[in-house]
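Note that these values count all heavy atoms, side chains included, but never hydrogens, waters or copies made by symmetry. Quantities reported herein were computed from a predicted structural model and do not represent experimental measurements.
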Amino acid sequence: MQFNFDFIGIQNIFPSSSVTMPSSLSSRLRGKAVTRKVPHTAMGWEINPDSSNRLIKRFWLYGGVKEIIISESGAAFKDELINGW
């Protein structure tokens, strides 16, 4: 089946791996970033720029993709005031 997309929008919040097939309703994540002691946001989401890069490349390899738009990408961190700012 062939599709003709104007663009592909990507929302990559954090990488995850499952211990079973991803399509399985019983799949479980391999563990939170906090418990695995990897860099993470205030919400416990893993910080892994390489995963975003791999995701973009994977979509680009479909071929015929005219444009890729990162439609959401962000992170939550505790705000800190310094000298009242």
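Closest approach of Lys78 to Ala42, counting heavy atoms only: N-CB, 4.1 Å. Heavy atoms only, all atoms of each residue included: Ser71 and Gly9 are closest at OG-C, 4.1 Å.
A distance of 4.5 Å separates CD1 of Ile70 from CD1 of Ile10, quoted to the nearest 0.5 Å.
Partners of Lys37 according to the side-chain hydrogen bond (donor to acceptor under 3.5 Å, both in side chains) rule, which considers only residues two or more places apart in sequence or in another chain, do not exist here. Contacts of Phe59 classified as ring pair (Phe, Tyr, Trp, His ring centres under 6.0 Å), with partners at least two apart in sequence or in another chain: Tyr62. Annotation: side-chain contact (heavy atoms from CB on, under 4.5 Å) contacts of Asp50 (sequence neighbours excluded): Asn48, Arg54. Not counting sequence neighbours, the partners of Val38 by the side-chain contact (heavy atoms from CB on, under 4.5 Å) test are Ala33, Arg36, Glu46.
In the hydrophobic clustering of ILVMFWY residues, with side-chain heavy atoms under 4.5 Å counting as a link, Leu55 and Ile47 come out apart.
Hydrophobic cluster membership of Ile69, counting Ile, Leu, Val, Met, Phe, Trp and Tyr whose side-chain heavy atoms lie under 4.5 Å apart directly or via other members: Phe7.
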